[in-house]
Amino acid sequence: MSTFARFPARLQQAIVSRLGWTSLRPVQDLAGQAILDGKNVIVLAPTAGGKTEASIFPILASLVEQPAEGVGAIYVAPIKALLNNQEGRLGNYTEMVGLRRFVWHGDVRDLDKRRFVKDPSELLMTTPESLEVMLISPRVPVAKLFANLRFIVIDEVHALAGTDRGAHLMSVLERVIRSTKNDVQRIGLSATVGNPDTILEWVRGSSTRPRAVIDPPKPPARRQIGILHRPSMADLSEEAASQATGKKSLFFCQSRALTETVAQQMRGRGTTVYVHHSSVSAEERRDAEASFQNGTDVCITCTSTLELGIDVGDLDAVFQANAPSSVSSFLQRLGRTGRRAGAVANTTFFCDNRDAVLQAIALVELARSHWVESVPVQSRCWPVLVHQLFAMALQFGGVSAERAWEHLARVPDFSGIPREEFDRVVQHLVKEQFLWESGGLLSLGERAERTYGRKNFAELYAVFSSPVLYAVQTAAGRDIGSIEQGFVDRLVPGMTAFLLSGRAWVAEFVVHSDRVVKVREAPRGKKPTWGGFIPQMLGFELCQRIRQVLVEEVDYPYLDPAARAVLHEAREDLGPLLRRTRPIQIDSGDALWWTFAGGRINATLKYVLAVTKGWRVVADNFLLRIEGDGVTHETLTAELERIVAENVIEDADIWRRVAALLPEYRLSKFQPALPDAYAVDVVAGYLLDGPGTRAWLVGALSLR
């Protein structure tokens, strides 16, 4: 029996009469069968491939046939913008069968939330952080609200898996499902993921339902790719403005500063240009999205805020400044185009340096070979474990270590933390006054309340670090966006100029008590320093593919003449060296080792060599620069062989010495609450890859 035939008559009639559909897509048919059979599933399909309907239609079928008292299904999105974008769509689907949906996040009025609590809709749409707020709020009767919960849908699951926010979501969901006796069915949606079975195992959490990956064959599709090189981003912006004329386009950039620069340089060249990133005010972002929906000659310069499944209408073109760091991001962005019948998915890379050209080629070639990154899952997510201890203490007014452990042990992202280490962390938190223990119950301590208790514990609701932001306003009070305190601290009122929302502004004065920067327009500006200096780590496979681009003689038809010349020059420069068994250059006592092994493997080698030989090592994604007494090709090779033969990388003493050298990156706002050893563990988890380094070294040294 087909999926459609298994739907109740009310849903069948609505699909035909209200939507005008005559059939379901293959992904919807396959997913529908699995969901109706009660399985936990991961649904994979390209952007606009019908994943939302694949999940929501069988859920509606179940809720129509067996009505829920309270919330029957939760739809979780990683960002509010995606929720808002899906609100009308899912509202239409629920309404057409006589059900309701409600969107809950920080921008929704308290009055509407109170009405929902009194008379809950069958479908709740929310974010991980807002779900946490519901659990902690004394005004939300969680046990009653979710007593009949049966389904959880996680959209854009690849954006959450393997991250602190993903660990937070899984822990919160496990807390939610304690309110129901149902084995809540889990459904993950994603366009691009290289290890769906692993992600499905992560999504299922404590559920014991059977599992299924829904990944139907994708029909071949034409794609139009271009890689251009110009000596400056100003030249590239001019070229992009020319190509954007008469089209609707998105221009993706890898940083907020570059987004602002590109927007400023494209303005006044015949196309309306908007800016869309996380520091631009919500009002400005909404204006950009609305104008884009209705316009025909408009470009939005953006960061990854428009990479996820937000529908901004039919796109004509996607532009990319330099190159993203993953095949997954490239495919997500490419998939924003080519949705109309007869349209071709397209992306044009505008590169202003050699590395960007090589990286763009490697991304395209990996995508052509149907390779996508696996999403790494984690098992020792210390910052979120601490956060969840605080959250449970706040939710229940006090929680025993035993009850907290019983919950946390069910979360996949904590599965590598044994009970004795958990107890050690709890003892540390009590000693440092983050927690207070009385009568066997753990409550929030004075230090936790002082650190995270501002604005009714708003700092506790969000797992990811939120820098202190200052609102940027005109003299008339119009919100332009926000900038981080580190930049504000360096402002010189009346002199400092910066770019925000695609325009140049001069800082007039700062009101620190209100966290407001008053500005006036400036004829030109210079970009602010957005964020810190934590390095961007490229993956091993991408770096190895860049190496292959340099040693092979393939001509890529999507390069413009300037990009082709850059590639030819790079091949002449590095090709002969990379064809050697071990590409090491010795220059004035320094060694340059072109590993192309990626950021984490190179960082691991950097610190291990520093500990074992005392050499000074500088590492990036492609290269190790090694300086010190006695550095030669022979001594380096001998040390690498010893590291493998003696299994140095797994030596506990070596790792303790490596840990002492790691920079004090603050990757989470809860990192300072951890014991030093586990705080270092957080940084090491980001920077280092011991097993991967040893495996790569074994292969590299076997080549003679």
Side-chain angles (χ1 to χ4, degrees), residues 129 132 135-136 164-165 167-168 170-172 174-175 378-468 652-653 655-688:
E129 291 75 24
E132 178 81 84
L135 287 175
I136 293 177
D164 282 6
R165 294 190 70 216
H168 173 239
M170 295 307 294
S171 183
V172 169
E174 292 293 342
R175 285 160 59 197
Q378 54 187 340
S379 62
R380 290 171 62 83
C381 188
W382 287 112
V384 180
L385 180 134
V386 169
H387 170 269
Q388 287 297 281
L389 272 171
F390 294 164
M392 284 188 285
L394 185 61
Q395 178 182 354
F396 301 116
V399 63
S400 69
E402 193 64 40
R403 181 180 182 185
W405 172 252
E406 188 273 332
H407 164 74
L408 295 170
R410 295 155 58 97
V411 179
D413 303 77
F414 310 141
S415 60
I417 298 174
R419 176 63 191 262
E420 57 268 24
E421 288 190 287
F422 169 77
D423 289 338
R424 201 174 304 149
V425 169
V426 170
Q427 292 166 9
H428 172 83
L429 294 172
V430 172
K431 178 184 175 184
E432 296 298 322
Q433 299 183 327
F434 284 102
L435 290 175
W436 179 61
E437 187 172 18
S438 177
L441 296 180
L442 300 169
S443 303
L444 283 184
E446 179 183 338
R447 192 171 173 186
E449 292 191 1
R450 188 170 64 247
T451 306
Y452 307 111
R454 290 184 68 253
K455 295 185 178 180
N456 197 25
F457 291 96
E459 281 290 298
L460 195 60
Y461 295 144
V463 179
F464 53 91
S465 290
S466 299
V468 175
D653 180 62
W655 275 104
R656 278 192 293 272
R657 293 163 64 190
V658 164
L661 297 177
L662 294 179
E664 295 182 0
Y665 292 144
R666 182 168 172 175
L667 302 174
S668 166
K669 70 174 73 172
F670 300 101
Q671 202 171 314
L674 287 165
D676 289 344
Y678 299 136
V680 170
D681 200 11
V682 172
V683 177
Y686 175 82
L687 281 180
L688 308 180

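Listed by first and then second residue, the salt bridge (Lys or Arg N to Asp or Glu O under 4.0 Å) pairs involving residues 674-683 are Arg380-Asp681 (not counting sequence neighbours). Applying the side-chain hydrogen bond (donor to acceptor under 3.5 Å, both in side chains) test to every pair with at least one member in residues 426-438, sequence neighbours left out, gives these pairs: Glu432-Arg447.
Considering every non-hydrogen atom in both Ala391 and Arg175, the closest pair reads CB-NH1, 3.9 Å. Closest approach of Ala401 and Phe422 over heavy atoms only: O-CE2, 3.7 Å. For the pair Ser668 and Asp164, the tightest heavy-atom approach, listed with the atom from each and the gap, is CB-OD2, 4.0 Å. Minimum interatomic distance between Leu408 and Ser171 (heavy atoms only, all atoms of both residues): CD2-OG, 4.1 Å.
With sequence neighbours excluded, the residues that form a side chain to side chain contact (heavy atoms under 4.5 Å, CB included) with Ala659 are Val680. In this view, Phe390 and Tyr452 satisfy the ring pair (Phe, Tyr, Trp, His ring centres under 6.0 Å) rule, not counting sequence neighbours. With sequence neighbours left out, Glu406 forms a salt bridge (Lys or Arg N to Asp or Glu O under 4.0 Å) with Arg178. Under the rule for a side chain to side chain donor-acceptor pair (under 3.5 Å), Gln671 has no partner lying at least two apart in sequence or in another chain.
Inter-residue side-chain proximity for His387 and Lys669 is flagged as unmet; no heavy-atom pair is nearer than 4.5 Å. A 4.5 Å side-chain heavy-atom check between Leu688 and Leu662 finds at least one atom pair inside the cut-off. Side-chain atoms of Met170 and Arg410, non-hydrogen and from C-beta on, never get closer than 4.5 Å to each other. Val384 is listed as a side-chain neighbour of Gln388, based on a closest heavy-atom distance under 4.5 Å. A heavy-atom distance below 4.5 Å is found between the side chains of Val425 and Trp382. With contacts defined as side-chain heavy-atom distances shorter than 4.5 Å, the pair His407/Val399 does not qualify.
Remark: Arg424 fails to qualify as a cation-pi partner of Tyr678 under the 6.0 Å distance and 45° angle criteria applied to the six-membered ring.
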